[in-house]
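Just so you know, these numbers come straight off a predicted model, no measurement behind them. In what follows, every heavy atom counts, from backbone to side chain, and hydrogens, waters and symmetry copies are set aside.
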Amino acid sequence: MDQHSTPSKNSDFQNKIWIAGGILLVIVLVAYLFGTLLNLLLLVLAGVLMSIYFHGCADFFKEKLKIGSPYALILSVTLNILIVGLFFWFVGARLNSQVDELSDKLPQTLEHAKSWLSEKPLGEKILNYSANSLNSGKAGSTIKSFFSSTFGILSDLYIVVLLGLFFTASPKVYRKGVIHLVPTKGKETAENLWDELHQVLKNWLKGQIFGFFFIAVLTGLGLWILGMPLVLTLALVAGLLNFIPNFGPLIALIPAALLALMQDTNTALLVVGLYTVIQIVQSAVTQPLIQKKMVSVPPALLVFGQVAMGVIAGFWGVLLATPLVAIVMTLVNKLYVEKQANQSEEN
């Protein structure tokens with residue numbers, strides 16, 4: 001019995017991966033043709049995630065303080081805005097000066113890194129390859145497309161905050177509106193799917209917020225012990241870029257390693273080692289917590305989704321690729337794999 005069930009489960013999981021990959025490929029092709037529409041949908045998804053965060057905080061306050069839902073929601077939004085405001089009030093000036101200092105130092109650190117690499121045979125080859133890539137314009141255009149935004153970063157953030165507040169204020173209106181678009185026969189399935197997707201996104205967001213604080217605090221402490229400058233800025237960058245799996249930690253490492261290289265090679269190696277150890281610990285601690293409650297996403301499929309969405313949709317595509325892939329996997333699992341399994345059991 002067990003011998004038959006194990007291959008069946010493996011087969012179902014492989015089918016799920018292939019189907020999800022196929023659907024993701026179709027989404028990528030359609031998104032390529034309708035890039036602007038996809039960008040708008042990603043802003044909507046970001047607004048939905050903000051709404052889920054506010055409601056998650058409200059649920060916590062409701063449970064701990066024993067207060068009604070409206071009051072808990074008002075407390076959630078007000079407290080979060082107050083915390084952000086106080087953070088920038090007390091730390092903003094220092095953070096701003098550190099960011100300015102970092103932007104001033106980066107060109108100097110890049111020149112120092114170039115001279116350090118040019119002294120080594122392998123480093124010289126890397127510099128030549130980089131120079132050829134930049135001269136061809138391909139690398140620059142790819143990087144530009146990866147970090148481009150829809151209407152400009154400030155306009156995008158304004159739209160996301162506005163959508164997030166609308167979704168937070170009356171989520172049932174939008175839920176009811178989407179369910180009404182589904183034929184009567186599939187309304188129950190649509191409601192179940194909505195709840196399932198909500199839970200998946202909530203669990204992902206919970207894990208990412210925990211990961212942000214985990215990475216930021218450990219990075220800050222490690223850099224402070226090593227005597228690095230601009231600790232606050234580098235720690236915040238590391239924490240924020242943790243929202244982008246695979247690529248985020250590598251991007252966060254670059255400015256820290258370049259600044260460390262300005263001091264000496266040993267410090268640079270220690271910083272690289274610090275970031276590597278933190279990522280290993282984070283993978284062992286927070287990733288299992290996220291994956292335990294989220295749909296399992298194969299790493300190769302996630303990388304493909306990130307690269308494809310980054311090329312097509314820029315910054316928001318890279319940032320939201322993981323929840324988007326998780327949504328696709330959940331839809332495949334609920335609408336196809338589980339139905340196929342039920343039909344095979346009935347037969």
Side-chain angles (χ1 to χ4, degrees), residues 42-102 149-175 198-199 201-221 223-224 230-244 248 252 282 286 289-290 315-316 319-320 322-323:
L42 286 172
L43 294 182
V44 171
L45 177 57
V48 168
L49 288 169
M50 180 179 285
S51 171
I52 290 171
Y53 169 74
F54 283 137
H55 278 278
C57 292
D59 290 341
F60 175 80
F61 294 138
K62 189 167 62 173
E63 183 184 340
K64 298 297 180 184
L65 302 177
K66 308 298 180 186
I67 56 177
S69 295
Y71 300 108
L73 192 56
I74 292 168
L75 180 62
S76 169
V77 175
T78 307
L79 194 60
N80 276 286
I81 292 172
L82 191 62
I83 288 169
V84 172
L86 287 173
F87 174 80
F88 283 105
W89 177 268
F90 289 108
V91 187
R94 186 181 172 191
L95 183 63
N96 187 51
S97 65
Q98 286 197 5
V99 170
D100 289 341
E101 190 179 344
L102 181 62
S149 58
T150 311
F151 304 109
I153 193 66
L154 289 177
S155 300
D156 284 357
L157 286 173
Y158 175 75
I159 292 168
V160 168
V161 170
L162 202 61
L163 288 171
L165 291 174
F166 284 146
F167 294 150
T168 301
S170 51
K172 290 181 181 177
V173 172
Y174 301 100
R175 184 181 191 274
H198 179 273
Q199 194 59 42
L201 293 176
K202 186 178 179 180
N203 289 332
W204 176 80
L205 197 56
K206 246 196 269 189
Q208 293 304 315
I209 291 168
F210 179 78
F212 164 77
F213 286 107
F214 185 86
I215 293 290
V217 170
L218 283 187
T219 302
L221 283 173
L223 293 174
W224 177 71
L230 311 178
V231 171
L232 180 62
T233 301
L234 294 174
L236 278 175
V237 167
L240 289 170
L241 286 173
N242 184 61
F243 277 82
I244 306 173
Q282 192 257 357
T286 63
L289 293 175
I290 300 169
F315 168 75
W316 291 108
L319 183 65
L320 300 174
T322 306

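The two residues Ser51 and Gly164 come nearest to each other via the heavy atoms CB-O, 3.9 Å. Scanning all heavy atoms of the two residues, the minimum distance from Ala235 to Ala216 falls at CB-O, 3.4 Å. The heavy-atom pair separating Thr168 from Leu73 by the smallest distance is O-CD2, 3.4 Å. Across Ser69 and Lys62, no two heavy atoms sit closer than the pair OG-NZ, 3.2 Å. Nearest heavy atom pair, residue Leu42 against residue Leu320, reads O-CD1, 3.2 Å. Pairing each heavy atom of Thr219 with each of Ala238, the nearest pair is OG1-CB, 3.9 Å.
Note that CG of Asn203 is 10.0 Å distant from NE2 of His198, once rounded to the nearest 0.5 Å. From Phe213, atom CZ reaches atom CG of Leu218 across 13.0 Å, with rounding to the nearest 0.5 Å.
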Derivation and outcome, side-chain contact (heavy atoms from CB on, under 4.5 Å), residues Leu79 and Phe61: CA-CA 11 Å; Leu79 194 60; Phe61 294 138; 3.4 Å; yes
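The side chain to side chain contact (heavy atoms under 4.5 Å, CB included) test with Met50 is passed by exactly one of Leu205, Val160, Leu45, Leu162: Val160.
Applying the side chain to side chain donor-acceptor pair (under 3.5 Å) rule to Ser170 yields no partners; only residues at least two apart in sequence or on another chain are considered.
By the 4.5 Å heavy-atom criterion applied to side chains, Lys202 and Asp59 are counted as neighbours. Between Leu65 and Tyr71 the shortest side-chain heavy-atom distance does not fall below 4.5 Å. Between Cys57 and Asn80, the closest side-chain pair of non-hydrogen atoms falls below 4.5 Å.
Atom CZ of Phe54 has more than 12 neighbouring heavy atoms from other residues, nucleotides or ligands inside a 6.0 Å radius.
Phe243 and Phe212 have tilted rings, their planes meeting at an angle from 30° to 60° on a 0 to 90° scale.
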